[in-house]
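Below, read A as the first sequence line, B as the second, and so on, with proteins coming before strands; counting in each chain starts at 1.
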Number of protein chains: 2
Amino acid sequence: MNVGRRVDYAVRALSYLAGQPTGKIVSRVEIEQKQAIPSYFLSKIMKDLVAGGLVQSHIGSKGGFTLARPAESISVKEVYETVERPIVLMECLDKGENYCSYCGVCTQRSVWDKAQSLVASYLGGVSIGDISDPRGLTGRLAALSR
Amino acid sequence: MNVGRRVDYAVRALSYLAGQPTGKIVSRVEIEQKQAIPSYFLSKIMKDLVAGGLVQSHIGSKGGFTLARPAESISVKEVYETVERPIVLMECLDKGENYCSYCGVCTQRSVWDKAQSLVASYLGGVSIGDISDPRGLTGRLAALSR
DNA sequence: TGAAAAAAAGACCTAGTAGGTCTATATTTG
DNA sequence: CAAATATAGACCTACTAGGTCTTTTTTTCA
């Protein structure tokens with residue numbers, strides 16, 4: 001029960017994009033620097049976000065990324081599932097009843113199912129727009145110490 | 001965001017114990033067989049449950065385990081945290097503000113904090129008594145096919 | 001008293017994965 | 001053409017989940 005760095009970084013990247021003027025293209029390097037993401041790491045994550053249709057990429061000099069959709073329409077749940085995997089607390093909840101022969105008589109199944117629904121529906125209700133971050137972590141941290 | 005086998009097996013073991021007459025001592029091997037837990041694996045898990053005060057052990061021939069407390073007073077959350085680790089979605093939620101220098105300006109922190117509270121409080125409200133299983137998975141599965 | 005049955009303790013092993021780094025290639029701008 | 005960029009994918013390391021087994025200690029009971 002642990003959210004990986006990929007999700008953390010993906011959310012940071014999207015929050016930063018959400019804070020830019022609409023259509024402003026931002027490079028991977030800028031996002032990494034503003035949001036304190038390890039060099040290069042973001043390239044793999046952005047690939048997933050592009051493939052998932054959350055972000056649009058622009059190849060070539062002056063290229064970079066923009067949100068592919070309004071920030072308000074992108075939920076944290078969707079981000080999670082795009083860069084990692086569907087939110088599933090136990091495998092048997094995902095696969096059908098015949099994944100494990102005991103599913104039919106399992107007393108805990110409904111417990112994890114409920115817990116999973118709770119968190120998934122909460123995350124489904126939080127949008128990237130809600131946590132947009134125009135300046136990025138490094139920018140706002142620097143502002144604090146001034 | 002995934003619940004490991006240790007928790008699964010711990011819950012199965014406790015549910016089985018909860019279904020026995022009060023004070024009935026049950027051996028590790030019996031629990032493993034009735035609840036379809038891999039041989040030997042349960043020994044490591046029971047160690048944690050004993051250390052955590054959820055289960056009482058009885059060494060020697062005719063030994064085994066009993067619940068140390070009423071099943072209704074043992075929550076799934078407590079089981080989880082006893083055999084694995086505290087329920088924490090991101091490390092920074094656990095460690096103080098100074099774990100990561102950006103905590104103070106992090107826009108996602110509250111999101112994961114809320115999600116974490118939701119699931120923790122739900123699991124805190126489900127007890128082993130709620131999912132007690134006197135016959136175990138194998139027993140009930142066999143009953144079905146008869 | 002001794003053999004059997006059980007927990008306690010811990011060593012060991014394997015495959016998978018998280019997290020991170022780097023390089024080569026294609027594309028675009030100016 | 002040169003510089004800047006995404007794309008694609010190779011590569012690496014440390015950790016962990018999950019599982020198996022063995023040795024020791026304690027207890028029961030015949």
Side-chain angles (χ1 to χ4, degrees), chain A residues 1-13 17 24-68 80 83-86 88-92 100, chain B residues 1-13 17 24-68 80 83-86 88-92 100:
Chain A
M1 184 107 59
N2 183 23
V3 178
R5 289 269 181 276
R6 293 178 60 86
V7 175
D8 179 5
Y9 297 153
V11 170
R12 291 192 208 183
L17 287 177
K24 169 91 180 296
I25 295 178
V26 185
S27 77
R28 190 204 84 229
V29 171
E30 176 178 341
I31 302 174
E32 285 175 347
Q33 285 169 353
K34 291 296 180 64
Q35 292 288 42
I37 298 169
S39 279
Y40 296 108
F41 198 16
L42 199 52
S43 54
K44 289 197 297 191
I45 296 171
M46 295 311 274
K47 211 187 308 180
D48 291 345
L49 292 175
V50 169
L54 305 199
V55 150
Q56 194 174 343
S57 70
H58 309 265
I59 302 185
S61 181
K62 302 283 177 190
F65 302 93
T66 53
L67 290 187
Y80 189 110
V83 300
E84 203 141 317
R85 68 186 74 83
V88 168
L89 293 193
M90 289 195 141
E91 300 190 66
C92 26
C100 145
Chain B
M1 183 108 56
N2 183 22
V3 178
R5 289 271 180 273
R6 292 177 62 85
V7 176
D8 179 4
Y9 297 152
V11 170
R12 290 192 209 183
L17 288 176
K24 170 90 181 294
I25 296 178
V26 185
S27 76
R28 190 203 84 228
V29 170
E30 176 178 339
I31 302 174
E32 285 175 347
Q33 286 170 352
K34 290 298 179 62
Q35 291 290 41
I37 298 169
S39 279
Y40 297 106
F41 197 16
L42 199 51
S43 54
K44 288 197 299 195
I45 296 170
M46 295 312 275
K47 212 186 309 181
D48 290 345
L49 292 175
V50 169
L54 305 200
V55 150
Q56 195 175 341
S57 70
H58 308 265
I59 302 184
S61 180
K62 302 284 177 189
F65 302 93
T66 53
L67 289 187
Y80 189 109
V83 302
E84 205 140 317
R85 67 187 73 85
V88 168
L89 293 192
M90 289 193 140
E91 299 189 65
C92 26
C100 146

Asks: Working to the nearest 0.5 angstrom, can you tell me the gap between A/Asp8 CG and B/Cys100 SG?
Replies: 8.5 Å

Asks: Whole Å only: how far is the CD atom of A/Glu30 from the P atom of D/dT5?
Replies: 10 Å

Asks: Return the set of residues passing side-chain contact (heavy atoms from CB on, under 4.5 Å) with A/Val26 (not counting sequence neighbours), or none when no residue passes.
Replies: A/Tyr16, A/Leu17, A/Gln20, A/Lys24, A/Glu30, A/Ile31

Asks: Which of residues 47-55 of chain B sit near DNA chain C, with a heavy atom under 4.0 Å from it?
Replies: B/Lys47

Asks: Sequence neighbours left out, cut at 3.5 Å: what donor-acceptor pairs do the side chains of residues 39-59 of chain B make with other protein atoms?
Replies:
residue: B/Ser43; atom: OG; partner: B/Tyr40; partner atom: O; Å: 2.6
residue: B/Asp48; atom: OD2; partner: B/Arg6; partner atom: NH2; Å: 2.4
residue: B/His58; atom: NE2; partner: B/Thr66; partner atom: OG1; Å: 3.1

Asks: Could you go through B/Met1 and A/Leu89, starting from their C-alpha distance and side-chain angles, then the distance that decides it, and tell me whether this counts as side chain to side chain contact (heavy atoms under 4.5 Å, CB included)?
Replies: CA-CA 6 Å; B/Met1 183 108 56; A/Leu89 293 193; 3.6 Å; yes

Asks: May I have the distance from B/Met90 (atom CE) to C/dG19 (atom C1'), rounded to whole angstrom?
Replies: 13 Å

Asks: Between atom NE2 in B/His58 and atom C1' in C/dA7, what is the gap in whole Å?
Replies: 11 Å

Asks: Given atom CG of B/Leu42 and atom C1' of D/dG18, what is their separation to the nearest angstrom?
Replies: 14 Å

Asks: Does B/Val26 or A/Tyr40 map to a spot on DNA chain C nearer the 5' end, using the closest nucleotide for each?
Replies: B/Val26

Asks: Between the protein and nucleotides 27-30 of chain C, are there any N/O to N/O pairs under 3.5 Å, and if so, what are the atom names and distances?
Replies:
residue: C/dT28; atom: O2; partner: A/Ser61; partner atom: N; Å: 3.0

Asks: Starting at CZ of B/Arg5, measure out to CE of A/Met90 and round the result to the nearest 0.5 Å.
Replies: 7.0 Å

Asks: Specify the separation, in whole Å, of atom CD of B/Gln56 and atom C1' of C/dA6.
Replies: 15 Å

Asks: Specify the separation, in whole Å, of atom CE of A/Met46 and atom P of D/dG9.
Replies: 18 Å

Asks: Rounded to the nearest Å, what distance is computed from the CZ atom of residue B/Phe41 to the C1' atom of nucleotide C/dA11?
Replies: 15 Å

Asks: Looking only at heavy atoms, what is the nearest atom pair of A/Tyr9 and A/Ala36, with distance?
Replies: CE2-O, 4.4 Å

Asks: Of the nucleotides D/dA6, D/dT20, C/dT21, which one has an atom closest to the side chain of A/Pro38?
Replies: C/dT21

Asks: In this structure, how many angstroms lie between the P atom of C/dT17 and the CE atom of B/Met1, rounded?
Replies: 18 Å

Asks: Could you give all pairs that pass the salt bridge (Lys or Arg N to Asp or Glu O under 4.0 Å) test and reach residues 52-62 of chain B, with sequence neighbours left out?
Replies: none

Asks: Can you give me the N/O atom pairs linking the protein to nucleotides 10-17 of chain D at distances under 3.5 Å, or say none if there are none?
Replies:
residue: D/dA17; atom: OP1; partner: B/Arg85; partner atom: NH2; Å: 2.5

Asks: Looking at the side chain of B/Tyr9, which of D/dG19, C/dG20, C/dC22 is the nearest nucleotide?
Replies: D/dG19

Asks: Within less than 4.0 Å of OP1 or OP2 of C/dA8, is there a side-chain N or O belonging to B/Ser57?
Replies: yes

